[in-house]
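Below is one structure, written out as structure tokens; comments come after it.
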Amino acid sequence: MIAIGLEGSANKLGVGVILQPAKGGPAQILSNIRHTYVSPPGEGFLPKDTAKHHRAYVSTLVKRALAEAGVRLEDIDCICYTKGPGMGAPLQSVAVAARTLSLLWNKPLVGVNHCVGHIEMGREITGATNPVVLYVSGGNTQVIAYSSQRYRIFGEALDIAVGNCLDRFARTLNISNDPAPGYNIEQLAKRGKVLLDLPYAVKGMDCSFSGILARVDELAAQMRAGTLKDPVTGDAVTPEDLCFSLQETVYAMLVEITERAMAHVGSSQVLIVGGVGCNERLQEMMGIMAKDRGGSVYATDERFCIDNGIMIAHAGLLAYRTGFATALEESTCTQRFRTDDVHIAWRED
Amino acid sequence: MISTTSIPQREAQPFLPYPFTETQPPPHLVTQGAEALLYRTHFLTPSTAAALKARPSKPYRHPTLDARLTKQRVLAEARVLVKLSALASDPDNEVKVPAVFNLEWDAARKINGLTEDQRGARRTTAAGAWLLMEWIEGKSVKDLLREWDSWFMATGSTASPEEVQAQVEAVKRLLRRIGRAVGALHSKGGVVHGDLTTSNIMVRPATNSSTSNGSAAPTIDENAQADDMPARPPNFEGEIVLIDFGLATQSVQDEDRAVDLYVLERAFGSTHPRQEGQFDAEVLQSQEGYRGSYKGANVVLKRLEEVRLRGRKKSMIG
Ligand SMILES: Nc1ncnc2c1ncn2[C@@H]1O[C@H](COP(=O)(O)OP(=O)(O)O)[C@@H](O)[C@H]1O
Ligand SMILES: [Mg+2]
């Protein structure tokens, strides 16, 4: 069976076409393309501009995705779109596109939870069967594990998401948003040496990032004023050092809450999904932790961990095959849509 | 996925610091928790059972950060346990925790009188901290509730409605006692736990000598039956003992207390879907639970509503 998926809950617009063999076996990615709205340095992406970007590109992307996939319209079984969570205006512009296609092609719609999309795609690509999932992106920080037909949230950020913390710090330092602020912080951090003390805020399997952001912003101001010195050597602290300290601190927190969830549910597999999941330092730290527990870490590359259309197609088709579809009148979207609200009918364990 | 915690195969020898390397019989590794390895051993005399909580350094994090956190946590845990144990002399004290026997916050540091070998300075695996404390008999609430679930799955449909109802009531009583214990921790103890989960709450069965109504005494240990044969529901009788205070802080702030409850509520809901619906009414709102446990509880529960709302709002953007 074949599905097309449309994603636009944040600043990435993605369209993908997936084929799931009727008899089972691995899914085939027929196409997976993306166009990102990049805001200028020092600025975040605003819902209005992002929605405009999505509207401008969606039809081109759909045409390209179909052409690349080489499928005929009649081969497509359903049209999947992101129902939420995400930013209202961008979500809506993509939902409108999905509805239009549904009417035009006379195909059923399937509304998909964005987080579930990430998890299912991650499982499909990596082969992790029943991992503890760390979902880390610009808008979400969650530690998730599956149990009786739900992805249950064991831990999450109590205030801002980790990706949001990184993105906002990138703005403080006026780092480019191209290709992604977090990516550029990672490159700077590779050259950092000094570890500055930042607040470390873990509560059980939850954590918080706003205190860290406030502190590292303060340190950045001191650095610019030339008053910030390495406490050991007395050398001036660099932006590289700040990025390094920020990364080492927030990723240690993420690995810690993941480890706590693994101990709690008795699992030794970890799957990292979401945009921040591309970070190599995070993957490395998680790998060391998992190995220490006799397990392993599963992660995907930027094609899948950054928001994309194929994950929406994949999770949507899984639901569609259990008989689920979204009626046109109900094909709304919602900024709030918790991962644990979705009934995972396609898993039997 | 939710299966009982087993000890996975670790890459190397598990961390066991000096002087426990010399202990005879050797400490027995019971479980690998989130941060620590938990050994059963003894203290001074073989008849005094003790729990050794060994915190190996975490190689995934920066050594400076790691040393800071490891030390902070073992000291925080010991400080809070000592403080809470001192409440034991209070006759209506309801906070039960393991007593502290000994600790070390940096197993590899230089100590007068110890050779390098003894402190393990030359073995990188020896870096870390440890805490030796009273051994708590019994099981975690997580394991007890899972046993209850397997009993329910296996016999719930054949048991009489009265029997099932009686067992549901037993769960509710347990939940209320948990609420009370957390309330006492917050009020009498002046402590927020920081990592409340059902793994970190234990039920210590009354020792045989102190059971007064011994007439219908069941066979030795009714919780010891094989997991796959849950003929009888688990026994929840006993004292609630709180453990794992590495993230604890001394605080009487409503916000901190509310977050403490929020952490427990979410851990509970995700771990025990079957009992999730009873959590609020029994643990939190009951007069025999958290709400009735001290005067300030009402304000904290009000604050909890705000914390919940915040949590939900923040998880909205993909
Ligand atoms: N004093 C004790 N007596 C008996 N068992 C204990 C004791 N302390 C901890 N345990 C057991 O060991 C497990 C892990 O210990 P814990 O202190 O919770 O460490 P972690 O921070 O690694 O979770 C607990 O869930 C409990 O089953
Ligand atoms: Mg614990």
Side-chain angles (χ1 to χ4, degrees), chain A residues 9-10 82 84-87 114-115 130 137-140 142 145-148 150 152-161 195 197 200 202-206 248-249 252 255-256 259-260 262-268 284-286 288-289 291-295 307 335-340 349, chain B residues 1-12 14 31-36 56 58-66 68-69 72 142 192-200 244 247 249 256 259-260 262-264 266-267 269-274 276 307 310-318:
Chain A
S9 60
T82 308
M87 295 170 95
H114 179 89
C115 317
N130 196 5
S137 66
N140 269 294
Q142 296 179 341
Y146 173 84
S147 150
S148 41
R150 304 252 163 213
R152 297 181 195 272
I153 303 173
F154 280 74
E156 60 191 316
L158 296 170
D159 42 34
I160 59 172
L195 185 85
D197 254 20
Y200 187 94
V202 163
K203 290 203 194 324
M205 290 176 259
D206 294 330
E248 288 300 309
T249 306
V255 175
E256 176 175 347
E259 181 167 28
R260 195 158 288 129
M262 289 167 76
H264 190 66
V265 304
S267 162
S268 57
E284 176 190 44
M285 288 166 79
M286 198 65 88
I288 299 172
M289 180 276 284
K291 188 164 154 230
D292 222 30
R293 300 193 72 85
D307 292 351
Q335 298 196 6
R336 292 173 206 180
F337 187 3
R338 285 182 65 88
T339 314
D340 49 8
D349 46 342
Chain B
M1 112 158 325
I2 308 226
S3 63
T4 30
T5 314
S6 60
I7 304 159
Q9 288 300 302
R10 285 168 58 94
E11 282 290 296
T31 181
Q32 180 180 20
E35 299 187 85
K58 295 282 183 187
Y60 68 79
R61 58 192 176 203
H62 191 285
T64 311
L65 178 62
D66 181 65
R68 180 181 124 205
L69 292 175
Q72 229 169 40
K142 182 180 82 174
V192 295
H193 185 283
D195 185 17
L196 280 175
T197 61
T198 48
S199 307
N200 291 337
D244 200 357
L247 297 178
T249 45
D256 294 338
V259 170
D260 220 18
Y262 184 62
V263 166
L264 176 61
R266 299 231 339 289
S270 41
T271 319
H272 307 290
R274 196 181 295 282
E276 186 175 10
V307 176
R310 237 188 287 152
R312 271 181 216 128
K313 258 201 213 114
K314 283 307 158 193
S315 60
M316 59 188 225
I317 295 170

Checking B:L69 against chain A: side chain, backbone, both or neither under 4.5 Å from a heavy atom? side chain
Please identify, among A:R150, A:M205, A:E259, the residue contributing the most non-hydrogen atom pairs under 4.5 Å to chain B. A:E259
Best-contacting candidate, B:L65, B:T198, B:N200, B:D260, against chain A by heavy atom pairs under 4.5 angstrom: B:L65
Quick one: which of B:S199, B:A34, B:G33, B:G269 has the most heavy-atom pairs under 4.5 Å with chain A, could you say? B:A34
Flag the pair B:P273 / A:R152 as yes when at least one side-chain heavy-atom distance between them is below 4.5 Å, and no otherwise. yes
Donor on one side chain, acceptor on other, A:H114 and A:D307, under 3.5 Å: yes
Compute whether any side-chain donor of one residue and acceptor of the other, for A:E256 and B:Y60, lie under 3.5 angstrom apart. no
Which bit of B:Q72 comes within less than 4.5 Å of chain A, counting heavy atoms only: side chain, backbone, both or neither? neither
Which one of B:K58, B:H62, B:E35, B:R61 has the most heavy-atom pairs closer than 4.5 Å to chain A? B:H62
Could you check which of A:I288, A:T249, A:T82 has the highest count of heavy-atom pairs closer than 4.5 Å to chain B? A:I288
With B:T249 via side chain to side chain donor-acceptor pair (under 3.5 Å) - residues at least two apart: none
Please classify the contact between A:D197 and chain B as side chain, backbone, both or neither, with a heavy-atom cut-off of under 4.5 Å. both
Return the set of residues passing salt bridge (Lys or Arg N to Asp or Glu O under 4.0 Å) with B:D195 (not counting sequence neighbours), or none when no residue passes. A:R260
Quiz item: cation-pi between B:R266 and B:Y262, 6.0 Å / 45°: yes
OG on A:S267 to CG on A:N130, rounded to 0.5 Å: 6.5 Å
Please classify the contact of B:V192 with chain A as side chain, backbone, both or neither, using a heavy-atom distance under 4.5 Å. neither
